Amino acid sequence: MNNKGQAALVDSIMFLTIVSIICTMLFYFAINYGVNVESQISSFYSKDFAQDILKVITYINVSRSGDPILFETLEEERFEPDYLLALIKEDYADTFGDSPSLKDSTKRAIATTVTSVVAPFEHAIDYAFYMINESSTERGHLFLFLATRECVDDEVPCPEVERNYYYCIPYNSNILEDEVFPNLNKVDSSTGKVVLFSEEGRGSSPTSLHFLIGFSGWISEDVPVLYRDNVLGEGSAFNCREFDDDFYLIEE
Amino acid sequence: MIFLKRFGSFFEKGFIGPIGDDLPSLIPIIVALVLFFTIFSITINSYNSKNESINRNISMMNVSRILKEDSMILGAEQFLDRCDRLVIDAPRNNIMVAIYSVEKMFNDSDLDSLGFDIIEEFKEIERLEDLSYSNVLSEDTDSGEKFFFCNYRRLGGRNLTNMRSNYYMRFYPVAVQRELVFEDISYLVTVPSIMVMVIWE
């Protein structure tokens with residue numbers, strides 16, 4: 001090959017090198033284009049979903065007995081529709097002192113309301129629904145309703161998973177952020193503010209207290225801190241009682 | 001002599017010819033061109049498909065915002081009004097939306113298997129009803145299974161039955177106010193429901 005041929009070969013190799021660099025840049029652009037926008041849209045959809053769930057929980061009616069309003073199975077003597085927040089506000093106003101509590105029928109109403117709203121997505125997500133007294137620094141939870149999944153066996157892979165529902169009054173206001181959320185990949189939360197009234201004693205003026213009402217949902221994962229043995233009982237940080245299949249609290 | 005001089009190069013060692021000498025340099029050039037156009041077409045296709053996906057997601061977000069607003073639907077009339085607004089917004093995709101009762105539809109099924117049933121039901125509606133451009137058919141059923149239905153077709157849009165691309169489905173929780181007659185007394189109760197949206201090109 002003469003000198004001109006060698007020069008042409010070197011030129012063509014340089015051309016190939018430059019085109020390879022350009023192609024690498026194009027490929028990098030093709031991989032990364034739109035990734036941020038798509039993840040933001042996906043994040044928006046899941047945040048929107050949590051907000052919708054919280055709104056629907058507060059909008060829908062529930063029977064004052066705690067039974068869900070099912071059109072086919074209404075019981076004649078117990079049908080009195082109301083709103084969940086109305087039941088909670090009434091119970092809160094009726095209790096005095098430092099340990100407000102809700103009636104068992106209201107606790108059942110919380111469980112039936114939340115599970116009926118989340119029912120279409122029940123097979124995919126675990127969730128928490130709660131109310132926290134904003135002005136209380138320690139034991140601020142009015143209640144925490146938890147829906148979790150747990151493997152019934154120690155085998156790997158898990159042969160069967162059971163669904164558990166708990167009514168909890170944790171000792172720590174930030175127990176979800178401290179104990180549960182760090183173990184999860186992604187949590188979608190939505191919160192709102194509610195005012196409840198309470199009296200120090202009979203005949204005294206009512207005090208208004210600001211509560212945070214919230215819903216947090218996540219794709220079902222194995223979270224040991226939420227196993228039944230770790231959440232049940234007053235000795236655990238969660239201080240939970242379990243619901244049975246009809247959403248009545250199981251006696252301790 | 002001139003003849004010999006002119007064609008003297010033919011007698012030089014290693015000489016193939018004017019084009020033959022350049023052949024080795026042509027190979028990297030051809031490889032470079034093939035590589036460039038392949039990567040370029042991959043990039044263009046990826047860019048177009050991602051743009052389509054983003055536009056579709058934005059379209060679904062906008063439509064869901066119009067139809068569910070604050071996740072509360074007070075009745076058929078309100079849903080009809082919201083459905084009519086889709087014509088003004090003119091989304092780029094074809095859309096079908098139905099609202100189902102949670103109680104009736106989700107007692108034993110999960111969303112995956114129910115999704116197929118919903119698609120079949122929408123195709124059946126297409127078969128039975130005359131759905132055309134910007135037809136916002138709405139119906140209120142008392143069966144408890146499906147409350148309201150809204151359809152939007154863009155100009156020249158294909159039916160779900162003979163669409164060319166994939167369809168996409170999303171579920172949104174909503175609260176719907178319904179009339180319940182119990183012991184001859186009429187109650188307005190708000191029940192949890194699910195809004196199903198199907199969108200396609």
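Remember, it's a predicted structure, so these values are computed and weren't measured experimentally. Below, read A as the first sequence line, B as the second, and so on, with proteins coming before strands; counting in each chain starts at 1.
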Engineer: Looking at every heavy atom in both A:E38 and B:K50, which two are closest together, and how far apart are they?
Structural biologist: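 Here A:E38 and B:K50 meet closest at OE2-O, 4.3 Å.
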
Engineer: I need the minimum non-hydrogen distance between A:I41 and B:I58, along with the two atoms involved.
Structural biologist: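 For A:I41 versus B:I58, the nearest heavy atoms are CD1-CG1, 4.0 Å.
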
Engineer: Could you look at A:I22 and say if it's the side chain, the backbone, both or neither that has a heavy atom under 4.5 Å from chain B?
Structural biologist: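 Just its side chain gets close to chain B.
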
Engineer: Please classify the contact between B:I30 and chain A as side chain, backbone, both or neither, with a heavy-atom cut-off of under 4.5 Å.
Structural biologist: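 Interface part for B:I30: neither.
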
Engineer: Given a strict heavy-atom distance threshold of 4.5 Å, which part of A:I18 is in contact with chain B: side chain, backbone, both, or neither?
Structural biologist: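 No part of it gets close to chain B.
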
Engineer: Above 12 or not: heavy atoms from other molecules or residues under 6.0 Å from OH of A:Y227?
Structural biologist: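 Counting neighbours around OH of A:Y227, more than 12 heavy atoms of other residues, nucleotides or ligands fall under 6.0 Å, so yes.
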
Engineer: What is the minimum heavy-atom distance between A:F27 and B:T43, and which atoms define it?
Structural biologist: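 The pair with the smallest heavy-atom distance is N-OG1, 4.4 Å.
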
Engineer: Which atom pair, heavy atoms only, marks the closest approach of A:A30 to B:S46?
Structural biologist: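 Between these two residues, the closest heavy atoms are O-OG, 3.1 Å.
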
Engineer: Can you tell me which of A:I60, A:V19, A:V117 forms the most heavy-atom pairs within a distance under 4.5 Å of chain B?
Structural biologist: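 Result: the option with the highest number of such pairs is A:I60.
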
Engineer: Looking at CG of B:L33 and CG of A:L16, how far apart are the two atoms once the value is rounded to the nearest 0.5 Å?
Structural biologist: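 Answer rounded to 0.5 Å: 9.5 Å.
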
Engineer: Assess whether atom NZ of A:K186 is packed by more than 12 heavy atoms of other residues, nucleotides or ligands within 6.0 Å.
Structural biologist: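 Check passes, neighbour count above 12.
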
Engineer: CD1/A:I13 to CD1/B:I27 distance, rounded to the nearest 0.5 angstrom?
Structural biologist: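 The CD1 atom of B:I27 is 10.0 Å from CD1 of A:I13, to the nearest 0.5 Å.
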
Engineer: Give every residue pair that meets the side chain to side chain donor-acceptor pair (under 3.5 Å) criterion with at least one member in residues 72-81 of chain B, sequence neighbours excluded.
Structural biologist: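 Qualifying pairs: B:Q78-B:R82.
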
Engineer: Under 4.5 Å heavy-atom distance to chain B, tell me which part of A:V37 shows up: side chain, backbone, both or neither.
Structural biologist: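 The side chain, not the backbone.
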
Engineer: Looking at B:Y172 and A:D52, what are the two nearest heavy atoms and their distance?
Structural biologist: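 Closest pair (atom of B:Y172, atom of A:D52, distance): CD2-OD2, 4.5 Å.
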
Engineer: So what's closer than 4.5 Å to chain A heavy atoms on B:R56: side chain, backbone, both or neither?
Structural biologist: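 No part of it gets close to chain A.
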
Engineer: For a quick check under 3.5 Å, do A:Y45 and B:N57 share a side-chain donor-acceptor pair by atom type?
Structural biologist: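 Side-chain D/A pair, A:Y45 to B:N57: absent.
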
Engineer: Check whether B:V31 gets within reach of chain A through its side chain, its backbone, both or neither, counting any heavy atom under 4.5 Å.
Structural biologist: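 Its backbone and side chain both get close to chain A.
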
Engineer: Can you say whether B:N45 sits under 4.5 Å from chain A via the side chain, the backbone, both, or neither, judging by heavy atoms?
Structural biologist: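 Neither part.
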
Engineer: Side chain, backbone, both or neither: which part of B:M72 has a non-hydrogen atom closer than 4.5 Å to chain A?
Structural biologist: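 It is both, since atoms from each part get that close.
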
Engineer: May I ask you to test the B:P192-A:Y59 pair for a side-chain heavy-atom distance under 4.5 Å?
Structural biologist: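 Not touching, per the 4.5 Å side-chain cut-off.
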
Engineer: For B:F36 and A:F15, I'd like to know if the aromatic rings sit close, meaning centre-to-centre distance below 6.0 Å.
Structural biologist: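 Ring centroids of B:F36 and A:F15 are no less than 6.0 Å from each other.
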
Engineer: Just how far is it from atom CE of A:M25 to atom CD1 of B:I39, taken to the nearest 0.5 Å?
Structural biologist: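 One gets 13.5 Å once the value is rounded to the nearest 0.5 Å.
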
Engineer: A:N61 vs B:V191, test: side chain to side chain contact (heavy atoms under 4.5 Å, CB included). Steps then yes/no.
Structural biologist: CA-CA 6 Å; A:N61 289 131; B:V191 295; over 6 Å; no

Engineer: If you compare all heavy atoms of A:S12 against all heavy atoms of B:P28, which two are closest, and at what distance to 0.1 Å?
Structural biologist: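 That would be OG-CG, 3.5 Å.
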
Engineer: Using salt bridge (Lys or Arg N to Asp or Glu O under 4.0 Å), reason through B:K68 and A:D48 one step at a time and then give a plain yes or no.
Structural biologist: CA-CA 12 Å; B:K68 70 177 173 70; A:D48 212 31; 3.4 Å; yes

Engineer: Quick one: does B:F171's side chain get under 4.5 Å of A:F49's, heavy atoms only?
Structural biologist: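 Not touching, per the 4.5 Å side-chain cut-off.
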
Engineer: How about CZ on A:F44, more than 12 heavy atoms from neighbouring residues, nucleotides or ligands closer than 6.0 Å, or not?
Structural biologist: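 Counting other residues, nucleotides and ligands, CZ of A:F44 exceeds 12 neighbours.
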
